[in-house]
Amino acid sequence: MEKMDEFFTVRAEGYDEHMLNEVVGCRECYAKMAELVPVGTKNLLDLGCGTGLELEGIFERFPAISVTGIDITKAMLDRLSEKYQGKNITLICGDYFTADLGRERFDTVISFQTMHHFSHEKKIGLYRKIRDSLKSGGVYIECDYMVETQAEEDKWYSENARIRKEQDISEDEFYHYDTPCTIENQIKMFKTAGFSSAEKVFKIENTTIIIAKKD
């Protein structure tokens with residue numbers, strides 16, 4: 001295991017090529033996510049924004065959109081800033097679990113391939129914050145690595161727990177290890193967090209998009 005920020009710092013330079021060419025479904029899902037952002041979105045929050053690959057299509061559709069991006073890795077944010085000079089972007093280097101997301105501030109919140117590192121409990125707490133940050137009628141669009149069966153999910157979580165115990169790493173420390181959930185469990189988490197609806201809208205192999213809506 002590597003610390004999360006250190007893992008992504010050393011991979012920042014080749015990150016875009018890796019995601020576009022080596023992770024099945026990501027290239028298509030970047031484009032699809034941009035299509036799914038609702039017409040009329042003026043303020044958007046991007047959690048775990050990394051180098052901002054998901055923002056390219058969004059800026060094409062909404063050139064004047066105001067974006068707030070949060071990521072734990074400064075090297076990734078530096079690359080994002082280089083790409084989108086002149087755009088209305090506010091970047092926060094930190095973790096989205098503790099960041100103040102505000103209340104009824106955003107029309108749309110997105111995340112791309114960042115949530116599959118955390119427990120159900122942590123994600124439900126974050127999803128409640130996301131819901132609170134959305135305006136009435138707002139949506140949260142999550143693209144992530146998701147698995148087909150409960151057995152697969154259990155395997156990843158069990159192995160994560162084993163390694164953390166062996167290396168004396170607490171559950172609250174951010175270390176890079178994939179713990180993908182099933183689509184069904186993701187939808188349950190969104191509904192537990194108070195979203196009025198959540199549905200899978202796009203999927204290529206394990207790369208999956210779910211939209212959760214706030215009344």
Side-chain angles (χ1 to χ4, degrees), residues 4-5 29-30 32-55 57-59 61-74 76-77 80-81 84 87-144 146 171-174 181 183 185-201 208-215:
M4 195 79 76
D5 58 340
C29 282
Y30 285 123
K32 188 64 177 180
M33 178 173 275
E35 292 176 11
L36 292 169
V37 173
V39 172
T41 296
K42 295 180 180 179
N43 295 290
L44 180 140
L45 172 63
D46 187 351
L47 300 175
C49 56
T51 64
L53 278 167
E54 64 282 354
L55 295 175
I58 293 172
F59 279 126
R61 284 192 65 205
F62 308 98
I65 195 171
S66 174
V67 173
T68 299
I70 303 176
D71 199 278
I72 201 169
T73 306
K74 184 179 182 298
M76 304 287 269
L77 294 177
L80 189 157
S81 295
Y84 301 115
K87 294 298 185 182
N88 186 5
I89 306 178
T90 300
L91 296 177
I92 299 168
C93 188
D95 82 82
Y96 38 63
F97 290 98
T98 59
D100 181 7
L101 307 184
R103 296 186 67 87
E104 299 187 353
R105 178 181 172 189
F106 300 102
D107 303 298
T108 302
V109 178
I110 63 172
S111 69
F112 199 103
Q113 292 282 20
T114 182
M115 297 297 170
H116 60 274
H117 301 112
F118 309 109
S119 69
H120 287 212
E121 182 180 18
K122 274 189 168 294
K123 288 201 280 190
I124 290 169
L126 177 62
Y127 294 153
R128 289 193 177 109
K129 285 179 60 176
I130 291 171
R131 181 189 176 279
D132 289 344
S133 77
L134 283 166
K135 298 175 184 177
S136 179
V139 299
Y140 169 52
I141 308 171
E142 178 171 306
C143 179
D144 206 11
M146 301 180 199
E171 292 183 6
D172 293 328
E173 293 181 84
F174 294 129
C181 296
I183 296 168
N185 283 338
Q186 282 296 144
I187 288 173
K188 288 178 184 176
M189 282 185 266
F190 293 133
K191 292 184 176 179
T192 299
F195 284 94
S196 57
S197 66
E199 64 174 330
K200 179 191 75 176
V201 295
T208 308
I209 298 179
I210 295 177
I211 292 184
K213 296 182 180 180
K214 175 181 178 178
D215 284 339

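Between D107 and K42 no salt bridge is recorded (no basic side-chain N to carboxylate O distance below 4.0 Å).
Looking only at atom types and distance, the side chain of Y140 has no donor-acceptor partner in the side chain of T108 under 3.5 Å away. Judged by distance alone, the side chains of Y96 and T114 do bring a donor and an acceptor atom under 3.5 Å apart. Y30 and Q113 form no side-chain donor-acceptor contact under 3.5 Å, judged by distance and modelled atom types alone.
Annotation: the span from F112 atom CZ to C143 atom SG amounts to 3.5 Å, rounded to 0.5 Å. Atom CZ of F174 sits about 5.0 Å away from atom NZ of K122, to the nearest 0.5 Å. Summarising the geometry, atom NZ belonging to K123 is positioned 8.0 Å from atom CE belonging to M115; distances are rounded to the nearest 0.5 Å. Atom CE in M33 sits 11.5 Å away from atom CG in L53 (nearest 0.5 Å).
Looking at heavy atoms from C-beta onward, L47 lies in side-chain contact with L45 at the 4.5 angstrom threshold. Annotation: side chain of R103 is not in contact with side chain of R131 (no heavy-atom distance under 4.5 Å). Side-chain contact check for F97 versus D172: every heavy-atom pair is 4.5 Å or farther apart. Side-chain contact check for K214 versus K135: every heavy-atom pair is 4.5 Å or farther apart. Looking at L36 and I209, their side chains come closer than 4.5 Å, going by heavy atoms from C-beta outward. Using a 4.5 Å heavy-atom cutoff, the side chains of M146 and I210 are in contact. Using a 4.5 Å heavy-atom threshold, the side chains of L44 and V109 count as separate. In this structure, C29 and E54 have side chains that are not in contact, with every pair of non-hydrogen atoms separated by 4.5 Å or more.
Using a distance-only test at 3.5 Å, with no hydrogens or angles considered, a donor-acceptor pair links the side chain of Y84 to the main chain of G52. D71 places a side-chain N or O within 3.5 Å of a backbone atom of G50 that can act as its donor or acceptor partner.
Residues passing the side-chain contact (heavy atoms from CB on, under 4.5 Å) test with D5, sequence neighbours excluded: K3, I72, T73.
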### Query
N88 and F59: side-chain contact (heavy atoms from CB on, under 4.5 Å), yes or no, with the steps?
CA-CA 10 Å; N88 186 5; F59 279 126; over 6 Å; no
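In plain terms, the two heavy atoms of S81 and L91 that are nearest each other are OG-CD1, 3.2 Å. Across every non-hydrogen atom of R105 and N43, the tightest pair is O-CB, 3.8 Å. Taking each heavy atom of L134 and V139 in turn, the nearest pair found is CD2-O, 3.5 Å.
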Considering only distance and modelled atom types, tabulate donor-acceptor pairs under 3.5 Å from the side chains of residues 61-70, sequence neighbours left out.
{"residue": "R61", "atom": "NH1", "partner": "A34", "partner atom": "O", "Å": "2.8"}
{"residue": "R61", "atom": "NH1", "partner": "E35", "partner atom": "O", "Å": "3.2"}
{"residue": "R61", "atom": "NH1", "partner": "V37", "partner atom": "O", "Å": "2.7"}

Between side-chain atoms of residues 187-200 and protein atoms elsewhere (two or more places apart, or another chain), which donor-acceptor pairs fall under 3.5 Å?
{"residue": "T192", "atom": "OG1", "partner": "K188", "partner atom": "O", "Å": "2.9"}
{"residue": "S196", "atom": "OG", "partner": "K213", "partner atom": "O", "Å": "3.0"}
{"residue": "S196", "atom": "OG", "partner": "D215", "partner atom": "OD1", "Å": "2.9"}

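No more than 12 heavy-atom neighbours from other residues, nucleotides or ligands sit within 6.0 angstrom of CD on E121.
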